[in-house]
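What you see is a predicted model, and the numbers here were worked out from it, not measured in a lab. Here is how names work: the chains are called A, B, and so on, in the same order as the sequence lines, proteins then strands, and each is numbered from 1. Below, all heavy atoms of this structure are taken into account, side chains as well, without hydrogens, waters or symmetry copies.
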Amino acid sequence: MSVEIQIPVALARYTGNQESLKLSGASVEEAIRNLTSQFPSLKNHLLDKKGEIRPFVNIYVNDQDIRHGKQMKTALKSGDVVTIVPSIAGGNK
Amino acid sequence: MRFNYRIMNVLPPLKFSSSLGSTTETMSGKPTSLNRSPLPLRPDEGAPGVLGRIGNTPLYEFRQVTPKNDRVKIFAKLEWYNPAGSVKDRPAYRMIAHGEQTGALKPGKIILDASSGNTGIAYAMIGACRGYQVRLCIPKNVCIERKQMLAAYGAEVIYTDPRKSSDGAIVEAQRLMRENPDLYFYPDQYNNDQNWTAHFETTGPEIIRQTGGQVTHFIAGLGTTGSLMGTGRRLKKELKHIKVIAMQPDSPFHGLEGLKHMESAIVPGIYDANFPDDQVSVRTEDAHEMVRRLAREEGMLVGISSGAVMKAALNHSERIETGNIVVIFPDGGDRYLSESFWKA
């Protein structure tokens, strides 16, 4: 099952400047795990020491905030778009 | 007895003349744009209405959240006491006043700028007071409280790609300005010398007065960098012993609203990286923890960047033997209550 993951510009330096990636994953948790396996330097930016999403990281599936649903257990289907953004704005090229 | 509606209808509209300035307001609350004086460059020099309340914020000495070394004191400028609730009232006011004084801002022009929230809210408040339409480019991921405040003041908001953060908003504001240069007054807070000058003229002298010149260290976060550059320059001009310390997020991807990780961001034109005596960084989670601590131990509801700068101050207090550290608390916690970190 292939989903699209959109990366914030601030983290593109850790994905070879790719801002959009195709990955497999039946849930958000699995997709993020696959993402950080492929790009290990992303891990510390997205996950805390317990492996949970850091508090200021928001994840949307097709524009729906996963915090308002099943969170990391949110199921994904082929073609879904997963977007990662910081919860508040700073400033990055 | 019958009311004579005809007579009532021909009465002229009620007018109020401000004792502090020349602005005339009608009963509709909309100030007239004609025949009025430009705003003074400093709000305390006769700015009308709530604008005259910008600046002169309290300097607070911490009682509970204090350094281990009792020969070091920490003080904070509580900037949420400004009318629109943040430090940004100061530069927004001065940039608009300067625009009026130079003629760059005239009735009918639209105030346009990019903001991650607080400057936009300040523009919206000042625009409401002066009768200007305000159009703002804001990253879509600013918290809901800011969006609600902008709507409450009647500002028009153009949301930009959240993945590009405030830099995406800057690029969009620049594009709009290029398309319609005559339509807008574009203060360009990141590159406008009136931004840091506002702090040179107000924040800096206030700190010197409130500490009796005894401040030894000044710490501020880097966003537009106006607070650090303007206040720092004033302190360095007046006080030979002062150390100015710049604080920024520890990584490109962070949750410190309004602050910039300079290495990876569009660097504001008003910033001089050689100016601060020292540079420190703070992790977002450490700022969150400090925000909770200030609420629960000091009874002080502060914003995330205030938590970050307090963390930097406490860290720095362990590196010095004695001193009075002054920090800027840019805003209060009430505009972050929808954030999840409060639950920890």
Side-chain angles (χ1 to χ4, degrees), chain A residues 4-21 28 32 35-36 39-72 74 81-93, chain B residues 114-118 138-146 160-171 190 221-224 248-268 283-285 287-289 303-305 335-336 338-344:
Chain A
E4 180 184 341
I5 298 201
Q6 294 190 337
I7 307 292
V9 177
L11 292 181
R13 59 170 61 188
Y14 305 110
T15 60
N17 290 320
Q18 298 178 82
E19 294 178 25
S20 178
L21 297 158
V28 171
I32 297 294
L35 175 69
T36 53
F39 303 101
S41 50
L42 274 181
K43 197 170 179 179
N44 288 342
H45 293 280
L46 296 177
L47 307 175
D48 64 18
K49 288 174 187 169
K50 296 177 190 167
E52 294 174 357
I53 290 288
R54 293 174 72 187
F56 65 94
V57 180
N58 281 358
I59 298 178
Y60 297 84
V61 175
N62 305 327
D63 290 336
Q64 292 295 314
D65 188 340
I66 66 166
R67 279 204 176 89
H68 300 146
K70 294 183 177 173
Q71 304 188 28
M72 294 297 279
T74 302
V81 178
V82 178
T83 308
I84 302 169
V85 293
S87 68
I88 47 180
N92 303 92
K93 277 179 194 166
Chain B
S115 167
S116 57
N118 280 339
I138 306 267
K140 195 178 175 186
N141 51 331
V142 299
C143 47
I144 184 70
E145 292 85 347
R146 290 175 185 230
T160 57
D161 187 344
R163 293 181 304 126
K164 295 179 180 173
S165 277
S166 61
D167 287 356
I170 293 171
V171 170
Y190 295 91
L222 294 178
T224 68
Q248 58 180 299
D250 71 332
S251 76
F253 190 61
H254 64 87
L256 303 181
E257 185 148 349
L259 300 189
K260 276 178 174 280
H261 180 257
M262 287 298 167
E263 184 199 325
S264 60
I266 295 175
V267 177
R283 186 174 165 86
T284 299
E285 285 86 342
H288 289 169
E289 185 184 348
I304 301 168
S305 57
R335 52 187 71 184
Y336 303 90
S338 64
E339 294 290 315
S340 61
F341 70 86
W342 294 101
K343 294 172 188 164

Exercise for the section: With sequence neighbours excluded, tell me which residues meet side-chain hydrogen bond (donor to acceptor under 3.5 Å, both in side chains) with A:Thr74. Expected result: none

Fill in the blank from the handout: From the list B:Phe341, B:Tyr336, B:Phe253, ring-ring contact (aromatic ring centres under 6.0 Å, His included) partner of A:Phe56 resolves to B:Phe253

Practice task
Measure A:Leu46 against the heavy atoms of chain B and call it side chain, backbone, both or neither at under 4.5 Å.
Solution key: side chain

Handout entry: Sorted by number, residues from residues 12-20 of chain A in contact with chain B (heavy atoms, under 4.5 Å)
Key = A:Arg13, A:Tyr14, A:Glu19

Exercise for the section: Find the distance between OG (B:Ser116) and CG (B:Leu259) and round it off to the nearest 0.5 Å. Expected result: 8.5 Å

Practice task
Could you tell me whether the side chain of B:Ile138 reaches within less than 4.5 Å of the side chain of B:Thr160, counting heavy atoms only?
Solution key: no

Problem - Pairs flagged by salt bridge (Lys or Arg N to Asp or Glu O under 4.0 Å) wherever residues 49-59 of chain A is involved - sequence neighbours left out - result: A:Arg54-B:Glu285

Problem - Qualifying residues under side-chain hydrogen bond (donor to acceptor under 3.5 Å, both in side chains), relative to A:Asp65, sequence neighbours excluded - result: none

